[in-house]
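Have a look at the structure below, then the notes.
In this chain, residues are counted from 1 in sequence order.
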Amino acid sequence: MAKPQIVLLPKTQLLLKDLGEKLRLARLRRNITARLEAERAGISVSTLALIEKGSPTVAIGSYVQVLVTLGLEQDLLQVAADDEFGRKLQDAGLPQRARASKRRKT
């Protein structure tokens with residue numbers, strides 16, 4: 001059975017492409033070959049190439065491994081660190097659910 005096709009919004013595609021390019025530039029600035037980076041991250045060179053192109057088919061864990069081996073894990077920890085919109089919702093006192101509701105099968 002064929003893998004289902006991943007459909008991304010154009011904004012998401014641009015974000016992944018930009019992330020991949022930034023990872024590639026970070027690797028090149030450090031003068032690290034693709035082969036060495038792939039070895040350090042525990043992935044194949046072809047997977048690294050897909051990451052640097054911003055492929056949505058690569059597992060997020062592989063992206064994170066590349067970030068860590070390049071010493072950029074602090075950038076990852078900044079994601080949603082200052083969630084301004086979430087804080088406004090919290091301050092407004094809107095009811096919050098502990099968990100998202102489950103979709104019912106019909």
Side-chain angles (χ1 to χ4, degrees):
M1 181 174 215
K3 238 183 183 180
Q5 183 72 17
I6 296 174
V7 180
L8 298 177
L9 296 171
K11 183 177 181 177
T12 306
Q13 289 173 338
L14 288 174
L15 285 170
L16 276 173
K17 185 176 179 182
D18 188 46
L19 174 61
E21 181 64 21
K22 287 178 180 179
L23 290 173
R24 181 181 168 276
L25 290 174
R27 176 179 61 79
L28 293 174
R29 284 187 201 109
R30 288 161 176 74
N31 201 24
I32 299 172
T33 65
R35 184 176 180 176
L36 180 59
E37 178 57 30
E39 186 179 310
R40 287 179 177 176
I43 59 176
S44 68
V45 176
S46 60
T47 299
L48 179 60
L50 288 172
I51 288 171
E52 291 180 351
K53 289 179 183 176
S55 173
T57 62
V58 178
I60 192 166
S62 296
Y63 275 91
V64 173
Q65 276 295 98
V66 172
L67 281 165
V68 169
T69 59
L70 291 173
L72 300 171
E73 64 272 9
Q74 288 302 316
D75 293 344
L76 182 64
L77 295 175
Q78 293 303 313
V79 173
D82 188 22
D83 182 12
E84 188 176 326
F85 180 70
R87 290 182 192 274
K88 285 181 181 180
L89 288 175
Q90 183 181 22
D91 293 344
L94 298 176
Q96 297 176 354
R97 295 183 60 98
R99 293 175 39 173
S101 59
K102 293 182 180 180
R103 291 189 176 215
R104 294 183 180 169
K105 295 181 182 179
T106 55

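- Both Leu19 and Val79 sit in one connected hydrophobic cluster of ILVMFWY residues. Membership requires side-chain heavy atoms under 4.5 Å apart, directly or through other members.
- Summarising the geometry, atom CZ belonging to Arg30 is positioned 9.0 Å from atom CD belonging to Glu37; distances are rounded to the nearest 0.5 Å.
- The residue from Val66, Ile43, Leu50, Leu16 that alone fulfils the side-chain contact (heavy atoms from CB on, under 4.5 Å) condition with Val58 is Leu50.
- More than 12 heavy atoms of other residues, nucleotides or ligands sit less than 6.0 Å from atom CD of Gln13.
- Electrostatic pairing of Lys88 and Glu84 counts as a salt bridge here, judged by a charged N lying under 4.0 Å from a carboxylate O.
- With Arg27 as the fixed residue, the side-chain contact (heavy atoms from CB on, under 4.5 Å) test singles out one of Thr69, Leu36, Leu48: Leu48.
- The nearest pair of heavy atoms linking Asp83 to Gly86 is OD1-N, 3.1 Å.
- Side-chain heavy atoms closer than 4.5 Å link hydrophobic residues (I, L, V, M, F, W, Y) into clusters, and following such links, even through other members, never connects Leu14 to Leu8.
- The distance from atom CD of Glu73 to atom CG of Leu67, rounded to the nearest 0.5 Å, is 8.0 Å.
- Among Leu70, Leu76, Val68, the one residue that satisfies the side-chain contact (heavy atoms from CB on, under 4.5 Å) test with Leu72 is Leu70.
- Not counting sequence neighbours, the partners of Lys22 by the side chain to side chain donor-acceptor pair (under 3.5 Å) test are Asp18.
- Under the 4.5 Å side-chain heavy-atom criterion for ILVMFWY residues, no single connected hydrophobic cluster contains both Ile32 and Leu25.
- Atom NZ of Lys17 sits about 14.5 Å away from atom OG1 of Thr12, to the nearest 0.5 Å.
- Under a cut-off of 6.0 angstrom, the local environment of CD1 in Ile60 is sparse, with at most 12 non-hydrogen atoms contributed by other residues, nucleotides or ligands.
- Taken from CG in Asp91 to CZ in Arg87, the straight-line distance is 8.5 Å, to the nearest 0.5 Å.
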